[in-house]
Amino acid sequence: MNQTKSKKVDLQILVRVAILIAMNVLLMNYLGLHTQYFKIGFSFVPIALCGMLYGAKWSTVCAGVGDVINGLLGPFGLYPPLTLSACLNGLVFGVCLKDRSDSMPAIIAAVGIFQILISLLLNTWFLSMLYKTPYFELMVTRIPQVLIMFPVQIIVLRLIGSKKLIGAFAGHSV
């Protein structure tokens, strides 16, 4: 009996994560500004929401699978190092925000790690290798993205991170 209930819960989580992946793909491909060097949009929301709801394992899967699908469907193609950084993004949101979705310090930590370490430093390095562009010259062009997205992500995550809203997304009342 317990095993059947566990499989049912896992199936529910899998279906919800699949929906979040679909949301990520839609937000990435149809909403936001995307060039080969930077992106400004809301595709982070389903990944962060997955991290808030289900933790690091599922948010890492959500971000990785979403990036692969976006790479296959999008105009820039698939680049495995950027998929790795997408997975790291999911990991960071899962580690920082699971059970702390309404904590401002946790939100700031998650966004800071993502925007500075992953987006600005790591993604810039991967893009500089991909396009054979000098790292620091490319970094300068990506700083406005970080300056715009840092407060946007904090505000959006604070708005969607309330315990009541997270409970509704998870399918139960809090």
Side-chain angles (χ1 to χ4, degrees), residues 1-32 34 39-115 117-119 122-123 126 149 152-174:
M1 184 72 172
N2 261 350
Q3 190 176 19
T4 304
K5 187 174 181 177
S6 175
K7 285 183 181 181
K8 182 179 178 184
V9 170
D10 288 345
L11 181 60
Q12 288 176 346
I13 291 171
L14 186 61
V15 169
R16 288 181 179 143
V17 170
I19 291 168
L20 291 169
I21 291 169
M23 288 173 53
N24 174 266
V25 170
L26 291 173
L27 290 170
M28 175 68 74
N29 288 312
Y30 300 108
L31 294 174
H34 307 282
K39 64 181 179 179
I40 296 175
F42 293 94
S43 61
F44 69 92
V45 172
I47 296 165
L49 189 55
C50 190
M52 291 173 183
L53 292 169
Y54 307 116
K57 176 179 76 171
W58 286 107
S59 59
T60 301
V61 169
C62 181
V65 171
D67 188 76
V68 168
I69 293 170
N70 283 319
L72 295 173
L73 295 177
F76 301 112
L78 183 62
Y79 185 54
L82 290 175
T83 301
L84 171 65
S85 68
C87 290
L88 290 173
N89 174 27
L91 180 69
V92 166
F93 281 144
V95 168
C96 291
L97 300 178
K98 175 68 173 151
D99 299 325
R100 292 184 300 274
S101 63
D102 62 344
S103 165
M104 197 60 155
I107 291 170
I108 292 170
V111 172
I113 291 168
F114 170 66
Q115 285 298 328
L117 296 180
I118 297 172
S119 183
L122 190 60
N123 282 354
F126 291 151
M149 291 306 297
V152 167
Q153 284 187 344
I154 289 172
I155 292 166
V156 170
L157 294 180
R158 183 68 178 130
L159 290 173
I160 67 168
S162 74
K163 291 290 185 191
K164 191 173 185 178
L165 192 56
I166 291 300
F169 282 129
H172 53 78
S173 60
V174 176

Student: In Å and rounded to the nearest 0.5 Å, what is the CG to CD1 distance from L97 to I160?
Tutor: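 Between atom CG of L97 and atom CD1 of I160 there are 8.5 Å.
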Student: Looking only at heavy atoms, which two atoms of K98 and G55 are closest? And how far apart?
Tutor: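 So the minimum-distance heavy-atom pair works out to CD-N, 3.6 Å.
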Student: State the NZ-SG distance between K57 and C62, to the nearest 0.5 angstrom.
Tutor: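 Rounded to the nearest 0.5 Å, the NZ-SG separation comes out at 13.5 Å.
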Student: For A106 versus C96, what's the shortest heavy-atom pair and its separation?
Tutor: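 Closest approach of A106 to C96, heavy atoms only: CB-O, 3.4 Å.
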Student: Passes side-chain contact (heavy atoms from CB on, under 4.5 Å), L14 versus D10? Steps please.
Tutor: CA-CA 6 Å; L14 186 61; D10 288 345; over 6 Å; no
Student: So, R100 side chain and V95 main chain: donor-acceptor pair closer than 3.5 Å or not?
Tutor: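 Yes; at least one donor-acceptor contact below 3.5 Å.
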Student: What's the separation between atom CG in L53 and atom CG in D99, rounded to the nearest 0.5 Å?
Tutor: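 Here the rounded value is 10.5 Å.
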Student: Are the side chains of L157 and F44 in contact, using a 4.5 Å heavy-atom criterion?
Tutor: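 Result yes, sub-4.5 Å side-chain heavy-atom pair found.
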Student: What's the spacing between M52 CE and S59 OG if we round to 0.5 Å?
Tutor: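 M52 CE to S59 OG: 10.5 Å, rounded to 0.5 Å.
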Student: Looking only at heavy atoms, which two atoms of I107 and S101 are closest? And how far apart?
Tutor: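 Heavy atoms only, the tightest pair is CD1-O, 3.5 Å.
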Student: Less than 4.5 Å apart, side chain to side chain, heavy atoms only: is that true for D102 and R158?
Tutor: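 Touching, per the 4.5 Å side-chain cut-off.
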Student: In this structure, which one of L73, T83, I69 forms a side-chain contact (heavy atoms from CB on, under 4.5 Å) with L78?
Tutor: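 Exactly one option meets the side-chain contact (heavy atoms from CB on, under 4.5 Å) with L78, and it is T83.
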Student: My understanding is that only one of T60, L84, L122, I47 makes a side-chain contact (heavy atoms from CB on, under 4.5 Å) with N89; could you say which?
Tutor: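 It is I47; the other options fail the test.
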Student: Can you check whether N123 reaches L82 side chain to side chain, under 4.5 Å on heavy atoms?
Tutor: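 They are in side-chain contact.
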Student: Can you find a heavy atom in the side chain of I154 that is under 4.5 Å from one in the side chain of M104?
Tutor: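 Result yes, sub-4.5 Å side-chain heavy-atom pair found.
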Student: Might you work through the side-chain contact (heavy atoms from CB on, under 4.5 Å) test for M149 and V152, ending with a clear yes or no?
Tutor: CA-CA 5 Å; M149 291 306 297; V152 167; 4.3 Å; yes
Student: Can you check whether W58 reaches L20 side chain to side chain, under 4.5 Å on heavy atoms?
Tutor: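 No, their side chains stay 4.5 Å or more apart.
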Student: Atom OH in Y54, atom CD in Q12: separation rounded to 0.5 Å?
Tutor: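 Those atoms lie 8.0 Å apart.
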Student: At what distance, to the nearest 0.5 angstrom, does CG of D67 lie from OG of S43?
Tutor: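 Those atoms lie 9.5 Å apart.
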Student: Mind listing the closest non-hydrogen atom pair of C50 and V17 along with its distance?
Tutor: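 For C50 versus V17, the nearest heavy atoms are SG-CG2, 3.8 Å.
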Student: Mind listing the closest non-hydrogen atom pair of V25 and N70 along with its distance?
Tutor: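 Reported closest heavy-atom pair: CA-OD1, 3.3 Å.
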